[in-house]
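These notes are about the structure you will find just below.
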Amino acid sequence: MRLSYREAVREALREALASDPRVFLMGEDVGKYGGTYAVTKGLHDEFGADRVRDTPLSELGFVGAGIGAALGGMRPIVEVMTVNFSLLALDPIVNTAALYRHMSGGQFSVPIVIRMATGAGRQVAAQHSHSWENWYAHVPGLTVLAPATVQDARGMLAAALADPDPVVIFEHAQLYNIEGEVTGDAVDIRSAAVRRPGADVSLITYGGSLPKAMTAAQRLEQQGIDAEVLDLRVLRPLDTLAILASVRKCRRAVVIDEAWRTGSLAAEVMARIAENAFYDLDAPLARVCSEEVPMPYARHLEEAALPQPEKIVRGGALAAREGAVIEFKLPSLGSDMEQGKLLEWLVKPGEAVKRGQVVAIVDTSKAAVDVEIWDTGTVHELHVQPGETVPVGTVLALLLAPGEQPPAPGAAAPQAPKAPAGARKAVSPAARQRAEALGIDASVLAGTGPGGAVTLEDVEKAAAPRAPVDRQAEMRKAIGAAMSRSKREIPHYYLCESIPMREAQAWLARENQARPVTERMLMGVLQLKAVALSLKKFADLNGFYRANAFQPGEGIHIGVAISLRQGGLIAPAIHDVDKKSLPELMRDMSDLVKRARAGSLRSSELSDATVTLTNLGDQGSEAVYGVIYPPQVALVAFGRLVERPWAEAGEVRILPVVTASLSADHRVTDGHRGALFLLDLRERLQRPHEL
Amino acid sequence: MDDQELKKRVLTVLKSIAPEVDEAELVSDRPLRSQVDLDSMDWLNVLIGIHQDLAIDIPEADYAKLVTLDDLVAYCAKRLKSAR
């Protein structure tokens, strides 16, 4: 049978009046007038003035009288015109109806049903439009219902009347005109109901917000997001298991509640999810509530104040889709960096930024670094102020992806990465974030949290110790931590090869003769290029060892070890060395050394190196065996060029010779492979014109 | 430009590369690169600095002659004179 919500409530009342002589209706204008919302129209004529009773305008009086009648054995259905006025009757409802079973030691119960209209959307202004469901749902001893469908409007009343304790029913005034099918099936007043199954995000709501959530779910579907809609139906006791089941399935949730957000029922739902399904979440919880203002009278303001499908769509999309709000975190500028001090923002909120743009200057223990951003979008909020020192991985700013509007205050939900499907090690979000920043695989750590979950502390413990204040000491400590980690984790093997450099030296001298001093090249550049070309052939020496596996580098970005005048060492990257000419590399190197010493490097230079090259130059030792810079898997080093007696084909000559050495990670390559690499390098340096 | 002035100019260039240099401690007739920590890139930058300041282009072949600060100043003086 197809009925309107209003007709469904009326039918339920009619049935109750007809089937039980103890039932009577009472309230303001429910009789002759037929009810403010015309719900009881016709019942006064049908059942008479004794059973459909008009009352004076005193909620305190007639709700109290209803409670007395219930105690006396009747089954009163009391209508309060709107929830706003019910506050006048809050004392008898909370202090009497809800308490009597307890106060009388179980001797008395109060089988009253109190119906009231709730909610906004009809331009009836602040004194008629609020939602107080959460106040009632707070009180033990009450059952609180929010029928949001015609079927529930028809069926919940009978179940409420059958309950020996007080039941409060909220009918959202916007729902009275909706129509729907009604079946004869029994309706329970204990469970929530999935109104639309989905897999990507759970929209949890009740009452007047249900149709809005359903509309939002349809629009999300057009965006490729499969939203589930859960109708709470019963606001006390909450069906926690249904909430958790939906959230565990979708891993993301947005709660939609027409009440103000502070202290709302939405907050309670979110708290239960956080208590019970914390480790099942892939995104922070979000909610869409009304703006915290008295409900405006003007239509456009009222609409703006209420949850609307657009806001729900935005909240749902933010929770479900990666990248709507992008977190810009302090990058790790090398495994020896623990924290950084933000010196300056080069962008401001509202400004469009492009991937690769320098947006901030951060002081690491080694240098002031121009930090580049890795996403394109619009700066939404700056979270860290100049002068603040924060650990690696801290969110510095939020960006909006291109085409995104700023989220409504009720729907701010920064995205979190989607977890891979399958078995799931519980890792707290804080731990996950920190582990990512540190390049640690949190899922392999031993967890000390609830249920073996990996906590932030576990990740911190697994990472290198924290650095203190003094800049020099800090850098020493940072290098120490990275090198200790290297020696602890990386099974190094070392190889060396003496390379005669007569051809290279002669070729370079010829090249430089024709060049003005400003364009002169150094031997180090030939070595740099030769290493890059050899690495191209031996790709298993160029890349990273992460999460128990080798990850080849996406280019040949060589970190060039540069000693700093004030002491210490930094190894910023020259990108794509294999693709650059020698003069280009000379310019890059010269520029890099200058900027490294002036302390103005770019973040990508500090984070991108796929291998490290140490060159001791003409002032160093004859050979050096370096410590690999994790997570890299190899380090190539050249000692000082020295003149040596060199035996070849039975003859001894005096030749300039350099010792090249390779330190490599035994987890990725073996000595044989390393030896072939060094031989390849040796060949290349003897054919300098091919570099 | 007299030798004192020239030495001052060369030292200015040197200090722009190695700010920690203390003129008072620098022995001008002892090997420069054993007294000042200059790697090959720094040394090249010193020569580039001299080129920019004094317009003298020192060819690589002459590097061997430039061991001490005095060598460097004398070399520059000679080159400047011959240029005139």
Side-chain angles (χ1 to χ4, degrees), chain A residues 501 505-528 560-569 572 574 583 585-599 613-621 624 638-641 643 656 658, chain B residues 6 9-23 25-27 30-69 71-73 75-80 82-83:
Chain A
M501 296 293 278
Q505 212 176 35
W507 184 85
L508 189 64
R510 273 199 307 281
E511 279 290 308
N512 280 344
Q513 219 167 14
R515 291 169 182 272
V517 66
T518 45
E519 288 172 30
R520 221 166 271 167
M521 294 189 294
L522 295 172
M523 184 59 83
V525 171
L526 268 68
Q527 294 167 342
L528 176 69
V560 181
I562 298 170
S563 62
L564 301 179
R565 292 224 151 260
Q566 66 272 26
L569 185 70
I574 296 180
L585 289 173
M586 183 62 203
R587 274 194 295 276
D588 280 5
M589 182 124 97
S590 165
D591 174 56
L592 202 61
V593 171
K594 263 185 215 133
R595 285 189 296 113
R597 296 206 170 138
L613 175 64
T614 288
N615 193 324
L616 297 185
D618 54 4
Q619 298 289 293
S621 305
V624 54
F638 288 97
R640 185 176 83 232
L641 200 67
E643 290 205 318
V658 75
Chain B
L6 191 57
R9 298 269 282 268
V10 171
L11 274 171
T12 305
V13 169
L14 186 63
K15 283 173 86 168
S16 73
I17 311 294
E20 74 278 8
V21 165
D22 182 354
E23 302 175 37
E25 286 186 11
L26 202 63
V27 184
R30 285 198 34 223
L32 182 62
R33 290 178 72 182
S34 65
Q35 299 177 75
V36 183
D37 183 13
L38 295 173
D39 63 20
S40 47
M41 181 67 86
D42 296 328
W43 178 242
L44 183 59
N45 283 331
V46 169
L47 301 185
I48 290 172
I50 287 172
H51 171 72
Q52 281 161 351
D53 188 34
L54 303 169
I56 303 170
D57 197 334
I58 304 174
E60 221 176 38
D62 289 348
Y63 284 7
K65 300 178 194 164
L66 309 172
V67 178
T68 67
L69 181 61
D71 290 343
L72 193 56
V73 173
Y75 180 90
C76 290
K78 198 172 137 199
R79 288 286 304 274
L80 282 174
S82 66

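If you're wondering where the values come from, they're calculated on a predicted model, not measured in any experiment. To find a chain, count down the sequence lines: A is the first, B the second, and so on, and within it residues start at 1.
Taking both residues in full, the closest heavy atoms of A:Arg520 and B:Leu47 are given as NH1-CD1, 4.5 Å, listed atom of the first, atom of the second, then distance.
Side-chain contact between B:Leu44 and A:Val517: present, with at least one pair of heavy atoms (C-beta onward) separated by less than 4.5 Å. Between B:Met41 and A:Leu592 there is no side-chain heavy-atom pair separated by less than 4.5 Å.
Summarising the geometry, atom NZ belonging to A:Lys594 is positioned 8.0 Å from atom CD1 belonging to B:Ile17; distances are rounded to the nearest 0.5 Å.
The side-chain contact (heavy atoms from CB on, under 4.5 Å) test applied to B:Glu20 returns A:Arg565, B:Ala18, not counting sequence neighbours.
Of the atoms belonging to B:Leu38, heavy atoms from both backbone and side chain fall under 4.5 Å from chain A. Residue A:Met523: no heavy atom, backbone or side chain, is found under 4.5 Å from chain B.
Of all residues spanning residues 59-68 of chain B, those with a heavy atom less than 4.5 Å away from chain A's heavy atoms are B:Pro59, B:Glu60, B:Tyr63, arranged by number.
Counting heavy-atom pairs under 4.5 Å between each of B:Asn45, B:Asp39, B:Asp42 and chain A puts B:Asp42 at the top.
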